[in-house]
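Let me begin by presenting the structure, written as structure tokens, before commenting on it.
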Amino acid sequence: MTKIIWQQGELIEVTIANLSDTGDGVGRANERVVFVPDTVPGDRAIVRLVHVKPKYAHGKLQELLEPSPHRIRPSCIVADKCGGCQWQHINYNYQLVAKQNQVIQALERIGSFVQPPVDPVLAAASALGYRNKSTYPLGISATGQVQAGYYQKGSHQLINLNQCPVQDSRLNPLLAEVKQDIQQQGWRIYDEQRHLGQIRHLGLRIGRHTGEMLLTLVVKDWNLSGIETQAQEWLKRYPQLVGVSLNRNSDRTNAIFGSETRCIAGVLHLRENFAGLEFQVRPDTFFQVYTETAEALLQVIQSELNLQGHELLVDAYCGIGTLTLPLAKKVRIATGLEVQPAAVEQAILNAHRNGIDNVTFQVGAVEKLLTKMGTTPEVVILDPPRKGCDRAVIDTLRQLKPSRIVYVSCKVATLARDLKLLCQDGQYTITRVQPADFFPQTAHVEAAAFLVLSDLHKDSNSFTKTEI
């Protein structure tokens with residue numbers, strides 16, 4: 001049988017059967033896979049091929065012949081253009097099903113696990129209005145107006161927004177009005193092509209439980225004439241705004257924040273209540289964007305661990321102590337490990353603020369700090385960045401042999417890879433995987449995997465067990 005040759009620009013009919021981990025619909029035609037953004041499993045559509053490879057192609061939705069029963073009308077008027085969300089056109093219940101399948105498929109395909117014990121996704125309390133932090137690139141329209149928003153899907157074209165349905169609605173007035181203030185001040189918007197201009201991004205942050213807000217401008221340099229007066233005006237205009245800051249990023253880079261932040265008016269941090277504790281959160285602090293879902297996942301972790309108060313616990317990649325401090329209240333001694341000195345400083349302050357004195361924090365690479373502990377903790381929490389754990393961390397844990405590991409992941413592909421290594425030769429067994437929806441309307445899914453050390457590996461380890 002002659003194989004049909006696809007041509008770029010060609011129109012084909014496709015029925016969408018699945019969703020990829022990047023959020024695109026996935027269909028098959030002529031024994032090849034087609035990835036199509038803005039589609040839903042069950043859609044029958046005419047698709048224009050835009051990138052053709054020997055075994056697969058990427059297409060663009062041209063005409064919807066028959067809509068999926070899971071398709072809905074997006075809440076956002078620019079959802080078809082804005083790259084901030086991928087799934088506003090998908091019913092939320094089906095989003096949860098798709099995310100559970102994403103975790104299962106990653107564990108099966110990458111981790112080689114058979115029928116992994118993946119629970120249904122921990123649903124968000126609300127699928128909209130949840131983000132406690134938004135950072136918007138700035139631009140200039142064709143008529144010279146200051147714009148803020150997200151980039152159009154697959155391009156570097158800015159989609160101007162005056163409100164965003166997934167951010168906390170209390171931030172919307174700032175998004176709409178601060179642009180006008182920047183315009184009136186005459187501050188130049190950064191041009192990344194020529195590396196000219198002053199203001200690169202607008203950052204907004206809110207404490208979901210306290211209502212306190214931060215406003216941050218990411219600038220190329222500190223020379224922003226009139227910023228002190230304008231900052232005081234913002235504090236007067238927005239009663240919940242507690243701080244205005246500048247963050248300097250002078251590099252030619254896609255990274256949003258630079259390494260230095262200065263408070264211009266008010267304070268450098270907001271207060272947020274999390275799991276019954278009070279945290280200080282700065283503009284550049286890593287803190288989960290969905291506060292309530294993070295609290296719900298923490299409750300699952302606490303319930304599953306069933307800590308009795310005698311345990312030694314290590315929280316690797318601990319950040320500002322978001323997981324460390326609530327768990328420290330339920331163990332004998334807790335230790336947080338973190339490579340970022342500024343995060344450790346905040347973690348120590350947060351411990352003092354909450355009167356938690358059975359916790360210590362150490363600065364350094366996790367794999368190095370683990371080998372210097374001089375003891376074997378009963379419980380290790382892993383919460384690495386998207387790239388997952390360095391191989392040295394996995395190897396050290398396999399030598400250290402803690403009785404239980406909880407791996408909290410923000411990327412299921414690296415989670416599956418690392419779990420495969422941890423469970424090699426039956427050393428650890430996965431007892432449960434709990435996905436959680438920290439980012440409704442997107443393809444992103446978090447998951448907490450619970451591991452226990454097998455009986456055959458409990459007798460010995462490479463480290464001396466001593467009291468801390």
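Values in this document were obtained by computation on a predicted structure and should not be read as measured data. In what follows, residues are counted from 1 in the order of the sequence shown.
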Quick one: do Asp315 and Leu327 satisfy side-chain contact (heavy atoms from CB on, under 4.5 Å)? Show the steps, please. CA-CA 9 Å; Asp315 183 6; Leu327 293 172; 5.9 Å; no

Go through Asp284 and Lys133 one step at a time and tell me if the salt bridge (charged side-chain N to carboxylate O under 4.0 Å, His left out) criterion holds. CA-CA 10 Å; Asp284 52 357; Lys133 178 186 177 184; over 6 Å; no

Answer yes if the side chains of Glu233 and Tyr238 hold a donor-acceptor pair under 3.5 Å, and no otherwise. no

Does a side chain donor of either Thr216 or Asn247 reach within less than 3.5 Å of an acceptor in the other side chain? no

Ring centroid separation for Tyr136 and Tyr150, is it under 6.0 angstrom? yes

Please report the closest heavy-atom contact between Thr376 and Leu400, naming both atoms and the distance. CG2-O, 3.3 Å

Thr335 side chain to Gln362 side chain, donor-acceptor N/O pair below 3.5 angstrom: no

Worked verdict on Tyr130 versus Asp168 for side chain to side chain donor-acceptor pair (under 3.5 Å): CA-CA 5 Å; Tyr130 64 87; Asp168 190 305; over 6 Å; no

Stepwise side chain to side chain donor-acceptor pair (under 3.5 Å) test for Gln230 and Gln185: CA-CA 9 Å; Gln230 182 62 69; Gln185 287 287 348; 3.0 Å; yes

Test salt bridge (charged side-chain N to carboxylate O under 4.0 Å, His left out) applied to Glu292 and Arg208, step by step: CA-CA 8 Å; Glu292 295 87 342; Arg208 292 279 289 175; 3.1 Å; yes

Result of checking Asp437, Val412, Asp21 against Val445 for side chain to side chain contact (heavy atoms under 4.5 Å, CB included): Val412

For Ser134 and Gln167, does a side-chain donor sit closer than 3.5 Å to a side-chain acceptor? yes

Would you check if there is a donor-acceptor pair between the side chains of Gln280 and Glu272 at a distance under 3.5 Å? no

No-hydrogen, no-angle side-chain donor-acceptor test under 3.5 Å, Tyr190 and His201: no

Return yes if a side-chain donor-acceptor contact under 3.5 Å exists between Asn223 and Gln198, otherwise no. no

Is Leu204 close to Leu202 at the side-chain level, that is, under 4.5 Å between some pair of heavy atoms? yes

Consider only side-chain N and O atoms of Glu278 and His209, and report whether a donor and an acceptor are under 3.5 Å apart. no

Report the residue from Arg131, Gln95, Gln86, His89 that forms a side-chain hydrogen bond (donor to acceptor under 3.5 Å, both in side chains) with Gln441. Gln95

Decide, yes or no, whether a salt bridge links Glu304 with Arg432 under the criterion of side-chain N to carboxylate O below 4.0 Å. yes

Go through the steps for Phe450 and Tyr407 under the test ring-ring contact (aromatic ring centres under 6.0 Å, His included), then give the verdict. CA-CA 7 Å; Phe450 298 89; Tyr407 192 134; over 10 Å; no

Can Asn160 and Lys179 be counted as having a side-chain donor-acceptor contact under 3.5 angstrom? yes

Sort out for me which residue in Arg188, Arg194, Gln193 forms a side-chain hydrogen bond (donor to acceptor under 3.5 Å, both in side chains) with Asp191. Arg194

Would you call Arg200 and Asp251 a salt bridge, taking side-chain N to carboxylate O under 4.0 Å as the test? no

Quick check on Lys220: does its NZ atom have over 12 non-hydrogen neighbours (other residues, nucleotides or ligands) under 6.0 Å away? yes

Start with the C-alpha gap between Arg398 and Gln427, add the side-chain angles, then the distance that decides, and say whether side-chain contact (heavy atoms from CB on, under 4.5 Å) holds. CA-CA 8 Å; Arg398 284 177 58 85; Gln427 182 166 343; 3.1 Å; yes

Considering residues, nucleotides and ligands other than Arg109, do more than 12 of their heavy atoms fall under 6.0 Å from its CZ? no

